Amino acid sequence: MGEKMDERKELFASLFDEVKHIVDGPAEMDEKLSSICRLFLERVPHYHWVGFYLVEEPAKRELVLGPFAGEPTEHVRIPFGRGICGQAAEKEKTMVVQDVSKETNYLSCSPRVRSEMLVPIFKHGVIVGELDIDSHDLSPFTEEDRKFLEQVCELISGLF
Ligand code: SME
């Protein structure tokens, strides 16, 4: 187990450097977000859908699907408070759901999804979007995932 945890730490450390490289690069914001989604989907074995939801108009209190990698989803617009995405936006807190079958306020994208993590992105203290990770595994997320994804979202905040 210790070895596995070190492996994950190392993977996240190297991915974080790659995210920095993407963020500092010359591409448009959407292209950068899209590259980050593809990178995570390809390289993290327990990430099976990776996408961004964006708060386009704060007054609307609604999340709009942005760049993503993985299967298309019908949940393109999600009001604050609905589903795990909407709850994370409302609470302005990271949400780690290790077993989506136990979550009553949940919007299913695919029956294969068994767990989900949501990390809000803030700009000057205001929520501007979220990073959403779906996994087909049960209880796959550790404290390392949380630390890594929260650091990624802090970095990405500079793009908004
Ligand atoms: N499962 C999410 C909806 C978005 S999809 O996972 C891409 C939710 O409950 O809010």
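All figures in this text were calculated on a predicted structure; none of them were measured in a lab. Counting starts at 1 for both ligands and their atoms, following the listed order.
Ring orientation note: the planes of Phe141 and Tyr47 are tilted relative to one another, at an angle of 30° to 60°. The aromatic rings of His136 and His48 lie parallel to each other, their planes meeting at an angle below 30°, with 60° marking the opposite boundary.
Between Arg38 and Glu31 the shortest heavy-atom distance is NH2-OE2, 3.5 Å.
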Considering only distance and modelled atom types, tabulate donor-acceptor pairs under 3.5 Å from the side chains of residues 49-65, sequence neighbours left out.
{"from": "Trp49", "atom 1": "NE1", "to": "Glu71", "atom 2": "O", "distance (Å)": "2.8"}
{"from": "Tyr53", "atom 1": "OH", "to": "His75", "atom 2": "O", "distance (Å)": "2.7"}
{"from": "Glu62", "atom 1": "OE1", "to": "Arg77", "atom 2": "NH1", "distance (Å)": "2.8"}

N/O donor-acceptor pairs under 3.5 Å from side chains in residues 83-94, not counting sequence neighbours:
{"from": "Gln87", "atom 1": "NE2", "to": "Gly83", "atom 2": "O", "distance (Å)": "3.3"}
{"from": "Gln87", "atom 1": "NE2", "to": "Glu103", "atom 2": "OE2", "distance (Å)": "3.2"}
{"from": "Gln87", "atom 1": "NE2", "to": "Asn105", "atom 2": "O", "distance (Å)": "3.0"}
{"from": "Thr94", "atom 1": "OG1", "to": "Glu150", "atom 2": "OE2", "distance (Å)": "2.5"}

Taking distance alone, no hydrogens or angles, what donor-acceptor pairs closer than 3.5 Å link side-chain atoms of residues 153-160 to residues at least two apart or in another chain?
{"from": "Ser157", "atom 1": "OG", "to": "Phe122", "atom 2": "O", "distance (Å)": "2.7"}

Per-pair distances, ligand 1 N/O vs protein N/O, less than 3.5 Å:
{"from": "ligand 1", "atom 1": "1 (N)", "to": "Leu107", "atom 2": "O", "distance (Å)": "2.7"}
{"from": "ligand 1", "atom 1": "1 (N)", "to": "Glu116", "atom 2": "OE1", "distance (Å)": "2.8"}
{"from": "ligand 1", "atom 1": "1 (N)", "to": "Glu116", "atom 2": "OE2", "distance (Å)": "3.3"}
{"from": "ligand 1", "atom 1": "6 (O)", "to": "Glu116", "atom 2": "OE2", "distance (Å)": "3.3"}
{"from": "ligand 1", "atom 1": "6 (O)", "to": "Asp134", "atom 2": "OD1", "distance (Å)": "3.2"}
{"from": "ligand 1", "atom 1": "6 (O)", "to": "Asp134", "atom 2": "OD2", "distance (Å)": "2.9"}
{"from": "ligand 1", "atom 1": "9 (O)", "to": "Ile84", "atom 2": "N", "distance (Å)": "2.9"}
{"from": "ligand 1", "atom 1": "9 (O)", "to": "Leu107", "atom 2": "N", "distance (Å)": "2.8"}
{"from": "ligand 1", "atom 1": "9 (O)", "to": "Leu107", "atom 2": "O", "distance (Å)": "3.4"}
{"from": "ligand 1", "atom 1": "10 (O)", "to": "Ile84", "atom 2": "N", "distance (Å)": "2.9"}
{"from": "ligand 1", "atom 1": "10 (O)", "to": "Cys85", "atom 2": "N", "distance (Å)": "2.8"}

